[in-house]
Amino acid sequence: LIGDSKSQLDILVATSGDTGGAVALGFYNTPNINVTILYPSGKVSDLQEKQLTTLGGNIKAIEVDGSFDDCQRMVKSAFLDKELNEKFNLSSANSINIARLIPQSFYYARAYQLVKDKSKPIAMCVPSGNFGNICAGLIAKKLGLPISQFIAANNKNNVFHKYVNTGEYNPQKTISTLSNAMDVGNPSNFERILDLYENDNKAIAKDVWTASYDDDQTRKAIVEMYRKYDYVACPHTGVAYLGAVEFQDNNPEYQVIFQATAHSSKFIDTVEAAIEGPVEIPEALKVLQDRKKEAVQMSTEFEEFKTYLLKR
């Protein structure tokens, strides 16, 4: 079977920022695995883009002239295409794939284990874009983990926030924000959450408190975290902090854990402007700065993507 495409695993990934970089590094130079990463042009930071586009080898990057939702739609279409599935052994490594959510649910158990005072109810705040992370947490809750409340902190891509408060789900065109990895107008894991709660909006709203914040609020959160706690946060972590603070202000009986995401240096211009000071770039990221970007430019048309895969 050597040389037969079916003996290899072809991983297709749509990314809005960090997932693609993690997948790229995780599978780099792994025998019999090819990785193709689709990302939205101009909607990831420079260092995030370098993580996706500079490894080479078995990692291929496609720069799509569209949004993350376009990238995700193209990947999902590939999984449904008969011709591609006959030729390739296709898989994914982001939250399209339930195999990512299952181990991710264990992180919540570890976070709960680290809480010293378990006499108070615990709320977990998750910066949410495609809703894979919080879906993993809700799975853990359904399995019995005693987290009393989840907080979905959204940027202005807030279709889930609107759904929880109105019962109506209306996907929207993606809005570009400082917290770009959360810029998702039609989260793919929304359907999983619906299924988990048997399409019961009231049950979802009971377990998941939501909020939405704009870029100005995000900048202020970065400044506040730096001045109060000497912590340099990325914009996504800033959104999570805002959700945690607002929820606890209204529910002081809760202990709130909020999740941090990317390293702040990936958003160095935004963060340095906010804190009015330098941000240190870790060596692992610094080495990417001078590497040459290699990416295939592509439209949002699935047929163009399909042709690329068949010819590759």
**Q** Flag the pair K162 / N170 as yes when at least one side-chain heavy-atom distance between them is below 4.5 Å, and no otherwise.
**A**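 No, their side chains stay 4.5 Å or more apart.
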**Q** Running the 4.5 Å side-chain criterion over Ile, Leu, Val, Met, Phe, Trp and Tyr, what cluster does I175 land in, apart from itself?
**A**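 So far as hydrophobic clustering goes, I175 is joined with none.
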**Q** Do the side chain of N251 and the main chain of E253 share a donor and acceptor less than 3.5 angstrom apart?
**A**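 Looks like no, no N/O pair under 3.5 Å.
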**Q** With sequence neighbours excluded, what pairs up with Y108 under the ring pair (Phe, Tyr, Trp, His ring centres under 6.0 Å) test?
**A**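 Applying ring pair (Phe, Tyr, Trp, His ring centres under 6.0 Å) to Y108 gives F150.
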**Q** Is the shortest side-chain heavy-atom distance between V296 and R312 below 4.5 Å?
**A**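 SC-SC contact between V296 and R312 ruled out.
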**Q** Measure the shortest side-chain to side-chain distance between R100 and Q104 over non-hydrogen atoms and say whether it is less than 4.5 angstrom.
**A**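 SC-SC contact between R100 and Q104 confirmed.
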**Q** Could you check N186 against V159 for side chain to side chain contact (heavy atoms under 4.5 Å, CB included), going step by step and ending with a plain yes or no?
**A** CA-CA 7 Å; N186 187 15; V159 293; over 6 Å; no
**Q** Looking at N97 and A93, would you say the former's side chain and the latter's main chain have a donor-acceptor pair under 3.5 Å?
**A**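 No, because the side chain of N97 does not come within donor-acceptor range (under 3.5 Å) of the backbone of A93.
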**Q** Using a cut-off of 6.0 Å, state whether more than 12 heavy atoms not belonging to K142 lie near its atom NZ.
**A**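 More than 12 heavy atoms, drawn from other residues, nucleotides or ligands, come within 6.0 Å of this atom.
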**Q** Quick one: which residue pairs count as a ring-ring contact (aromatic ring centres under 6.0 Å, His included) with a foot in residues 238-264, not counting sequence neighbours?
**A**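 Residue pairs passing ring-ring contact (aromatic ring centres under 6.0 Å, His included), neighbours aside: W209-F247, Y241-F258, F247-Y254.
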**Q** Do N189 and L101 have side chains that get closer than 4.5 Å, going by heavy atoms?
**A**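 In short, these two side chains touch, coming nearer than 4.5 Å.
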**Q** Give the cluster check for M182 versus I222: same hydrophobic cluster or not, with ILVMFWY residues linked at side-chain heavy-atom distances below 4.5 Å.
**A**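 No, M182 does not connect to I222 through the hydrophobic network.
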**Q** Just jot down the ring pair (Phe, Tyr, Trp, His ring centres under 6.0 Å) partners of Y197, sequence neighbours excluded, or say none.
**A**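 Y197: no ring pair (Phe, Tyr, Trp, His ring centres under 6.0 Å) contacts found.
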**Q** Are M124 and L143 linked, directly or through other ILVMFWY residues, by side chains that come within less than 4.5 angstrom of each other?
**A**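 Yes: a chain of side-chain contacts under 4.5 Å links M124 to L143.
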**Q** So does F79 get a backbone contact from the side chain of N85, meaning a donor-acceptor N/O pair under 3.5 Å?
**A**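 Checking the backbone N and O of F79 against the side chain of N85, a donor-acceptor pair under 3.5 Å is found.
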**Q** Can D117 and Q255 be counted as having a side-chain donor-acceptor contact under 3.5 angstrom?
**A**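 Q255 and D117 do not have a side-chain donor-acceptor pair below 3.5 Å.
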**Q** Using distance alone, with no hydrogens and no angle criterion, decide if N130 and S188 have a side-chain donor and acceptor under 3.5 Å apart.
**A**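 N130 vs S188: donor-acceptor pair found between side chains.
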**Q** Please identify which of these residues, Y169, F160, F190, meets the ring-ring contact (aromatic ring centres under 6.0 Å, His included) condition with F131.
**A**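 Looking at Y169, F160, F190, the match for F131 under the ring-ring contact (aromatic ring centres under 6.0 Å, His included) is F160.
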**Q** Which residues pass the side-chain contact (heavy atoms from CB on, under 4.5 Å) test with K206, not counting sequence neighbours?
**A**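 Testing K206 for side-chain contact (heavy atoms from CB on, under 4.5 Å), a comparison that skips the adjacent residues, returns none.
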**Q** Is the count of non-hydrogen atoms from other residues, nucleotides or ligands lying under 6.0 Å from D46 atom CG greater than 12?
**A**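 No, because the 6.0 Å sphere around CG of D46 holds 12 heavy atoms or fewer from other groups.
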**Q** Considering all heavy atoms of both residues, which atom of F305 and which atom of M298 are nearest to each other, and what is their separation?
**A**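 Nearest pair, atom of F305 first, then M298: CA-SD, 3.6 Å.
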**Q** Walk me through whether R219 and D216 qualify under side chain to side chain contact (heavy atoms under 4.5 Å, CB included).
**A** CA-CA 5 Å; R219 289 189 187 94; D216 286 340; 3.0 Å; yes
**Q** If you look at every heavy atom in A295 and T53, which pair is closest and at what distance?
**A**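 Answer, listing the atom of A295 first, then T53: CB-CG2, 4.0 Å.
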**Q** Return the set of residues passing salt bridge (charged side-chain N to carboxylate O under 4.0 Å, His left out) with R192 (not counting sequence neighbours), or none when no residue passes.
**A**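 Per chain and number, R192 pairs via salt bridge (charged side-chain N to carboxylate O under 4.0 Å, His left out) with no residue.
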**Q** Do side-chain atoms of K141 reach the backbone of I147 as a donor and acceptor pair under 3.5 angstrom?
**A**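 Yes, the answer is positive, given that a donor and an acceptor are paired below the 3.5 Å cut-off.
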**Q** Where do N155 and V239 come nearest, in terms of heavy atoms and distance?
**A**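 The pair with the smallest heavy-atom distance is N-CG1, 4.3 Å.
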**Q** Would L194 and Y163 satisfy side chain to side chain contact (heavy atoms under 4.5 Å, CB included), going step by step from the backbone distance to the final call?
**A** CA-CA 11 Å; L194 276 186; Y163 163 76; 3.3 Å; yes
**Q** Among all residues two or more places apart in sequence or in another chain, which pass the side-chain contact (heavy atoms from CB on, under 4.5 Å) test with D249?
**A**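 For D249, the residues satisfying side-chain contact (heavy atoms from CB on, under 4.5 Å) (neighbours in sequence not counted) are V245.
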**Q** Would Y213 and E246 satisfy side chain to side chain donor-acceptor pair (under 3.5 Å), going step by step from the backbone distance to the final call?
**A** CA-CA 11 Å; Y213 305 100; E246 183 178 352; 2.5 Å; yes
**Q** Can you list everything that forms a side chain to side chain donor-acceptor pair (under 3.5 Å) with N250? Sequence neighbours excluded, please.
**A**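 In terms of side chain to side chain donor-acceptor pair (under 3.5 Å), with neighbours along the sequence ignored, N250 is linked to no residue.
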**Q** For residues 42-76, which residue pairs qualify under ring-ring contact (aromatic ring centres under 6.0 Å, His included), counting only residues two or more places apart or in two chains?
**A**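 For residues 42-76: none.
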**Q** So L114 and R110, do their side chains get closer than 4.5 Å, heavy atoms only?
**A**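 Side chain of R110 against side chain of L114, heavy atoms only: contact under 4.5 Å found.
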**Q** Atom CD in Q48, atom NZ in K43: separation rounded to 0.5 Å?
**A**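 Nearest 0.5 Å value for the CD-NZ distance: 13.5 Å.
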**Q** Taking everything shown except Q297 itself, do over 12 heavy atoms lie less than 6.0 Å from its CD?
**A**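 Enclosed: over 12 neighbouring heavy atoms sit under 6.0 Å from CD of Q297.
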**Q** Can you tell me how far the CE atom of M74 sits from the CD atom of E303, to the nearest 0.5 Å?
**A**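 Spacing of CE (M74) from CD (E303) equals 10.5 Å.
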**Q** Inspect the surroundings of NZ in K118 and state if more than 12 heavy atoms from other residues, nucleotides or ligands are less than 6.0 Å away.
**A**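 Result for NZ/K118: enclosed.
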**Q** Might you point out which heavy atoms bring V75 and V13 nearest each other, and give the distance in Å?
**A**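 Here V75 and V13 meet closest at CG2-C, 4.1 Å.
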**Q** I'd like to know if the side chain of S67 pairs up with that of D70 as donor and acceptor (distance under 3.5 Å, no hydrogens or angles considered).
**A**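 Looking only at side-chain atoms, D70 and S67 do form a donor-acceptor pair, the distance falling under 3.5 Å.
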**Q** Output side-chain donor-acceptor pairs under 3.5 Å for residues 226-238, partner residues at least two apart or in another chain, one line each.
**A**
residue	atom	partner	partner atom	Å
H236	NE2	N180	N	3.4
H236	NE2	A181	N	3.0
T237	OG1	T261	N	3.1

**Q** Between F267 and V184, is there a shared hydrophobic cluster once you connect ILVMFWY residues whose side-chain heavy atoms come closer than 4.5 Å?
**A**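 No, F267 and V184 fall in different hydrophobic clusters.
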**Q** Working to the nearest 0.5 Å, report the span between CD1 of I134 and CD of Q259.
**A**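 So the gap between those two atoms works out to 8.5 Å.
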**Q** Quick one about D183 and S16 (side-chain donor to acceptor, distance below 3.5 Å, no hydrogens or angles considered), yes or no?
**A**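 There is no such pair between these side chains.
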**Q** Does L285 form a side chain to side chain contact (heavy atoms under 4.5 Å, CB included) with Q51? I'd like the steps, not just the answer.
**A** CA-CA 8 Å; L285 294 175; Q51 285 186 297; 3.7 Å; yes
**Q** Report yes or no: do I122 and V208 belong to one cluster of Ile/Leu/Val/Met/Phe/Trp/Tyr joined by side chain heavy-atom distances under 4.5 Å?
**A**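 Yes.
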**Q** Under 3.5 Å, which donor-acceptor pairs link side chains of residues 19-34 to any protein atom two or more places apart or in another chain?
**A**
residue	atom	partner	partner atom	Å
T30	OG1	F27	O	3.0
N34	ND2	Q8	OE1	2.8

**Q** What's the shortest heavy-atom distance between V64 and S299, and which atoms?
**A**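 Heavy atoms only, the tightest pair is CG1-O, 3.8 Å.
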**Q** We want to know whether N158 and S212 form a side-chain donor-acceptor pair, criterion being a heavy-atom distance below 3.5 angstrom.
**A**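 S212 and N158 do have a side-chain donor-acceptor pair below 3.5 Å.
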**Q** How long is the straight-line distance from CG of D65 back to OG of S41, given to the nearest 0.5 Å?
**A**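 S41 atom OG to D65 atom CG measures 6.0 Å (nearest 0.5 Å).
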**Q** Is it possible for you to say whether L145 and L138 belong to one hydrophobic cluster, with membership spreading through side-chain heavy-atom contacts below 4.5 Å?
**A**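 Yes, it is one cluster - the side chains of L145 and L138 are joined through contacts under 4.5 Å.
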**Q** What are the two closest heavy atoms between P40 and G66, and how far apart are they?
**A**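 Residues P40 and G66, closest heavy atoms: CB-O, 3.2 Å.
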**Q** With rounding to the nearest 0.5 Å, note down the distance linking CG in L196 to CG in D207.
**A**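 One gets 9.0 Å once the value is rounded to the nearest 0.5 Å.
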**Q** Just verifying a value: how many Å separate L12 CG and F88 CZ, rounded to the nearest 0.5 Å?
**A**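 If I round to the nearest 0.5 Å, the distance is 9.0 Å.
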**Q** Which residue pairs satisfy the side-chain hydrogen bond (donor to acceptor under 3.5 Å, both in side chains) criterion with at least one member in residues 269-292, sequence neighbours excluded?
**A**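 For residues 269-292: none.
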